[in-house]
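Report on one structure; see the data block that follows.
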Number of protein chains: 2
Amino acid sequence: MTSSYPLQSTRQLSSQAVVEVLLREAPLSRVQIAKITGLSKQTVNEIVRQLEAEGWVSEHGTSQGDVGRRAVTYSMQPGAGFVIGVDVGATKLRVALSDLAGSVVSQAEDATELRGGPHVFDQIHAMCVGLAEDAGVPWARILTSAFGSPGVFNSETGHLDLAPNVPGLEGLDVAGALRDRLGHEIVLDNDVNMAVVGERWRGAARECSNFAFVALGTGIGMGIYMDGAVRRGAHGAAGEIGYAPFVNDPFQPSLHRHGPLEEKLSSQGFSAAYEALTGEHAPPETVFERQAAGEPAAAQVVEAYVRQIALVLSTVTAFLDPELIVVGGGIGSRPELVGELLPHYRRLAANTAEIRTSALGARASLVGAIAVALNHAHTRLFAADVPQKLPLPTPGAGAEPPARSVR
Amino acid sequence: MTSSYPLQSTRQLSSQAVVEVLLREAPLSRVQIAKITGLSKQTVNEIVRQLEAEGWVSEHGTSQGDVGRRAVTYSMQPGAGFVIGVDVGATKLRVALSDLAGSVVSQAEDATELRGGPHVFDQIHAMCVGLAEDAGVPWARILTSAFGSPGVFNSETGHLDLAPNVPGLEGLDVAGALRDRLGHEIVLDNDVNMAVVGERWRGAARECSNFAFVALGTGIGMGIYMDGAVRRGAHGAAGEIGYAPFVNDPFQPSLHRHGPLEEKLSSQGFSAAYEALTGEHAPPETVFERQAAGEPAAAQVVEAYVRQIALVLSTVTAFLDPELIVVGGGIGSRPELVGELLPHYRRLAANTAEIRTSALGARASLVGAIAVALNHAHTRLFAADVPQKLPLPTPGAGAEPPARSVR
DNA sequence: ATTAGTTCGTCAGGAGAGCGAACTAATGTC
DNA sequence: GACATTAGTTCGCTCTCCTGACGAACTAAT
C-alpha cells in the first residue's frame, strides 16, 4: 500500500463536482451551483470562469421573474467534446455518438460481421467514422469510446473470454485493437454490465443504488449494481448466472459449455421446449403471441419458463437483497413477462424486491456504453491525476478540442 | 445528492493515514512514515507532534546501526483508547476488550441469557464492565463497542429483524438500548458480516478484496465482501442464502419460516437426516466422527450434505465470482469438510474460486467485531467531520482519555 | 583527531485552495 | 423613491502542504 492521499488536488474534485451538477441539472446560475455542490460562491466563480475560458461551459441565459438581480445561467458547451457508445451484439452492432451533455447526436445499427475478429473491428471503425461525418463532428473531438460485448473482459490481457456468441473475438487483444484503430481511449465491458449502467442512468433503475439487471434472451446473464457501483467480482465474471447449477440435475455432466441454466432458459431452450411439445419450431415471440391467443401448448411452455425465472429471481433476491430487479434482454423485455412472473416470485422470495421490465429494451447496453464513455471522459478531463494528454490523431483537421491545462 | 466535497479536511485524511501506517507497521520513524504515506517530512512532523501531544502516539525508541543520524521511532500509545467487540450468538456470548492497536487485552464468554431482551443487555453490560475492571481500563477510555448478532439489522429503526435464533430481541431498539447502557458509540451488524471482516482482518481472507464467507452451523448464511467492502444489499439482507429456494421443491409451501435451505442444511437438518436413516439422534460432530470411523449411514449423510453445500458454493461462484470462499460456522469450520466438498464443487462450478476453511472458527465474528469497533473508533477520532464529543460517562473516575481537539 | 558522507529534524518561504464578510449591482415591491 | 432581495466581485485570512536550505547527529574512512 503506497497510499498517497491528496492525489486529486482539491480543485479537480471541485471542478468535477461542478461539471457533474451542470450535466445533471441543465442551466444553472453560479449561486445555484454553489448551493448544490456546497462550495462557496467564489470558488464556483473561479471554476466556472476557468471552465468557460477552456470552452467546456458557456453562458446559457439569465434567470427571470423573481425579485433581485438576474443571474447568468451556464450550461455545458455541447460541442466541446463527444463520446461514442457501442453495443457489440451477437447479431446486431449498435453505435451512437453523443455530446458531452449526453445528447445522442447520431446513431446507427447494422448486422454484426459474421466473419469475426478483424472484420468486426473494421466494421466498428467504419461505423464510427461514418457517424462522426454525418454529424459534422471532427474526429479529434471524440474523446472516448465505450464498448459493451458479451463475454468476460479480462482487463489484464485485454482479451474477451467466455464469449461464445460473438465469433472470432476470443483470444484477441480486443482492447488494444480498438484503441489503435480509433485512436483514442476506450473502455470495454460486458454488455450486461453496460445495460446495468444504462438502466440506472436513463432506464428503470434511476436513483437506485442496489439493483440487479437480469438479461433473458440469446443467453442469460445478470449485472450487479450494489452500493452505487457495478460489481464485477474477482475476474469480471460476477452475474454469470448461466453457469448456476440449479435447474437441471446439476450433477449430470454435459451442459458445461454454455452452463446448465443458459441451456434451458435461453431463446434456444425456450424454442426447444415448444418444439418438444408441438413438433413445430417457433421463435420466442411467436410462442408468446400464441400464448396470448390462448394456445395451450404455448401457455404451458411460457408457464414453465416463467416459473424457472421466478426461481432465479428469488435466488438473486436471497443472495443480493436488491431493492429492484430489472428484467431485460430479448425475452425479458416483453412487457407481459413480469406480470406473469410476479405471483410466483412473491411466493418464493422472503424479502421481495420490486421487479420491473427494462425501460430501454434492446438499447440498454448502448445507452449504458454512452454513459460509461461519458463518465470516463469526464474523469479524464476533470479529475485526472496524471498529466493530461488528449489524443489528437488521425483524420479530421478540425478545430482542436479545448485543451485542459494541467499544471 | 447534496454532495459536498472537502468534507474531511485534508489534515484529517493525513492524520488518519499516519495512524493507519503506525497501526500496521509497528515502530516507525517520521521519515519512514513520510515515505510510506507520501506526505512530506514536515507534514508528518506536525501530525506526529500533534498526535503525541494528544496522547495517541508516543516515542518508541531510536533506530540503530545504519549510517547517519539516528531516528526517533514512534508507535501508537496502546493505552490511549480501547474498544469492545461482542459476538451475540444464539447460545454463546463472547466479549473481548482490545486496545487501539488491536491487541486483545482481555476476553470472556458465557452462555447467552435465554430469558431474552433486557436480560441479554444486562448480561452484556455486566461482562463488558467486568472485562474493563479485570484489565484495569477506566471505562471512559472505551471508545466504541461493536456487536455481531444473527438477524438483519435495520439501521433506521435500530431493530433486529429475522433473528429467530436469539429469543426476545425481535422488535426491540437494540442499538439504542446498548448505547444507553454502555454510554458510548456502538456499531451493530449481522454476525456473518462481522465474521467476514474478521476473516479478512486476521483470518483466511487477508488481503483479499472479493470473497464470500459461508457460515454453516445453527443456521446457514453468507457474508459478501466485494471490491473492498462488506456488501449488505438494500435492506441489509444480502447473503441470506437460507432463503434461497433451490434445494427442496421450492414451490411447495411450508418451509418459509427459516427458509427452505436453512431447513435442510442447518445443524438440525443435518441431525434430522441422520436420525431418519438410523433412528438415532446425534449432533453433527458425532456424525462426522462416525463417518471418519467408517460408519456407512454417517458417510451417506455427510455425502448428501456435502453435495448440497457444493451446489450452494457453485451458485455463489456463478453469482459473485469471488476469488475465495471461506467456509465457517459450527459445521463449516470442521477441517475435513472442505476436502470432501472440493471434488463436487470443481465439477459444478465453471470459474472455480479457492475454498478455505475459516481460520478463526468460532471466534470469527468476535474478531470481526473488534475490527469493526477499531475501525469505527479510528474514523471517529481521526477523520471525524463533526465536532468530536468523546462520551465520558458512568463509572471509572480514572484519568480522562486524551481529548482530541477539533477546531 | 579530522574529514567525508549520510540521514534526521527543523525552519522559512511560497503555492493552492477554500471561506467569510463586506461591498457593488441589478431588480422587484410597497 | 425607499427598501428588500438576490447576484456577482473583491479582499483578506486560514489551512494545508510542499520545496529547499541548513544545522544536528551519526558512521566510516583516513
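Each chain gets a letter, A, B and so on, in the order the sequences are listed, and its residues count up from 1.
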Any side-chain N or O of [X] under 4.0 Å from OP1/OP2 of [N]?
X	N	value
Thr43(A)	dC19(C)	yes
Ser14(A)	dG18(C)	yes
Arg70(B)	dA25(D)	no
Ser40(A)	dG20(C)	no

Donor-acceptor side-chain pairing of Ser145(A) and His184(A) below 3.5 angstrom: yes
Gln16(B) and Gln12(B) side chains, donor-acceptor separation under 3.5 Å: no
Base-pairing mate for dT10(C) - Watson-Crick or G-U, with both contacts under 3.5 Å: dA21(D)
Who pairs with dA25(C) - Watson-Crick or G-U, where each distance is under 3.5 Å: dT6(D)
Arg232(A)/Asp227(B) salt bridge by N-O under 4.0 Å criterion: no
Check ion pair Glu199(B)-Arg206(B) (N to O, under 4.0 angstrom): no
Measure [atom1]/[X] against [atom2]/[N] and give the value in whole Å, please.
X	N	atom1	atom2	value
Ile47(B)	dC15(D)	CD1	P	15 Å
Glu46(B)	dC11(C)	CD	C1'	11 Å
Arg30(B)	dC11(C)	CZ	P	11 Å
Asn45(A)	dC11(D)	CG	P	14 Å
Ile33(A)	dG8(D)	CD1	C1'	13 Å
Lys41(B)	dT7(C)	NZ	P	11 Å
Lys35(B)	dT7(C)	NZ	C1'	9 Å

Among dC17(D), dC8(C), dG8(D), the nucleotide that comes nearest once only the side chain of Val31(B) is considered: dC8(C)
Proximal nucleotide (of dC17(D), dA7(D), dG9(C)) relative to the Val72(B) side chain: dG9(C)
Any donor-acceptor N/O pair, Arg231(B) side chain to Met226(B) backbone, under 3.5 Å: yes
Gln42(B) vs Arg49(A), nearer the 5' end of DNA chain D by closest nucleotide: Arg49(A)
Polar pair under 3.5 Å, donor/acceptor by atom type, side chain Arg69(B), base dC8(C): yes
